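Just dropping this structure here.
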Amino acid sequence: MNYWLFKSEPDEYSLDDLRSEPGHIGRWDGIRNYQARNFLRDRVQQGDGVLFYHSACKVPAVVGTARVVRAAYPDPAQFDPESKYFDPKASPENPRWFCVDIEWQSAFARPVALKEIKQNPALEEMVLVKQGRLSIQPVTADEWSLLRRLGGAS
DNA sequence: GCCAACGTTGGC
DNA sequence: GCCAACGTTGGC
């Protein structure tokens, strides 16, 4: 069982959007960064915990949690010429990009802002702090527990 | 909207 | 196989 932090722009896909999906399950697609792709493809397992992070917005913050319900499979959008995520170099025989399915789990009583995370000495080793621009990143069990506590998760 | 941090691409 | 150009990400 591993823990992750997934970033999403709330204007594109927010935690509430995930909750609104049928069965509270949504596809985490559109990842087009190689470091993030490699984590998604090689390391993210069914049952893993996900901190849901809102990026590129007024108050970047961890806003809740989700759970991985399906491990990596080829992102269908890469084969769709109509999609903005279309990749002409990808083929079903040789897919380049992957996605997972996640299930909404909880919304924090209080979002934990990036600013607050950066100021907390217990969180200074988070990838979020050390390497800013990575949209899928590993989180330790201690970081997971602390973030949930700070967010007032039950 | 600027630009810094990464990784990939491709000319030579 | 070097390295400049390019694409993506995302805080500010």
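We name chains A, B, ... by the order of the sequence lines, and we start the count at 1 in each one. No hydrogens, no waters, no symmetry mates; every other heavy atom, side chains included, goes into these values. A quick note: this is a predicted structure, and the numbers were derived from the prediction, not measured.
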- Note on the structure: In this structure, CD1 of A:Ile25 is separated from CD1 of A:Ile102 (nearest 0.5 Å) by 10.0 Å

- Message: Using a 4.0 Å cut-off to any heavy atom of chain A, which nucleotides of DNA chain B are the first and last in contact, reading 5' to 3'?
- Response: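 The protein-touched segment is B:dA4 to B:dG10.
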
- Mind checking the CH2-CZ spacing from A:Trp104 to A:Arg19? Nearest 0.5 Å is all I need. 4.5 Å

- Message: Show every salt bridge (Lys or Arg N to Asp or Glu O under 4.0 Å) that has at least one partner inside residues 26-37 of chain A, sequence neighbours left out.
- Response: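 Residue pairs with at least one partner in residues 26-37 of chain A: A:Arg32-A:Asp75.
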
- Side chain A:Gln137, main chain A:Leu134, donor-acceptor under 3.5 Å: yes

- Query: Under the salt bridge (Lys or Arg N to Asp or Glu O under 4.0 Å) rule, what pairs show up with a residue in residues 86-103 of chain A, not counting sequence neighbours?
  - Reply: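 Checked against salt bridge (Lys or Arg N to Asp or Glu O under 4.0 Å) - neighbours excluded - the pairs reaching residues 86-103 of chain A are A:Arg67-A:Glu103, A:Asp87-A:Arg96.
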
- Tell me what A:Lys58 touches on the nucleic acid: a base, only sugar-phosphate, or nothing, going by heavy atoms under 4.0 Å. nothing

- Item | Pairs where residues 117-146 of chain A contributes a residue and the test salt bridge (Lys or Arg N to Asp or Glu O under 4.0 Å) is met, not counting sequence neighbours | A:Glu125-A:Lys130

- Query: Below 6.0 angstrom between ring centroids: does that apply to A:Tyr34 and A:Trp97?
  - Reply: yes

- So what is the end-to-end bend of the helix from B:dG1-C:dC12 to B:dC12-C:dG1, with 5 pairs used at each end and the value given to 10 degrees?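 Here the local axes at opposite ends form an angle of 20°.
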
- Note on the structure: Within residues 81-98 of chain A, those residues having any heavy atom closer than 4.0 Å to DNA chain B are A:Lys89, A:Arg96

- Message: Using a 3.5 Å distance criterion without hydrogens, assess whether the side chain of A:Arg43 forms a donor-acceptor pair with backbone atoms of A:Asn38.
- Response: no

- Task: May I ask whether A:Leu51 and A:Leu18 are part of the same hydrophobic cluster, defined by side-chain heavy atoms of I, L, V, M, F, W, Y residues being less than 4.5 angstrom apart, directly or through others?
- Result: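 Hydrophobic grouping puts A:Leu51 apart from A:Leu18.
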
- Query: Donor-acceptor pair, A:Asp17 side chain versus A:Ser14 backbone, under 3.5 Å?
  - Reply: yes

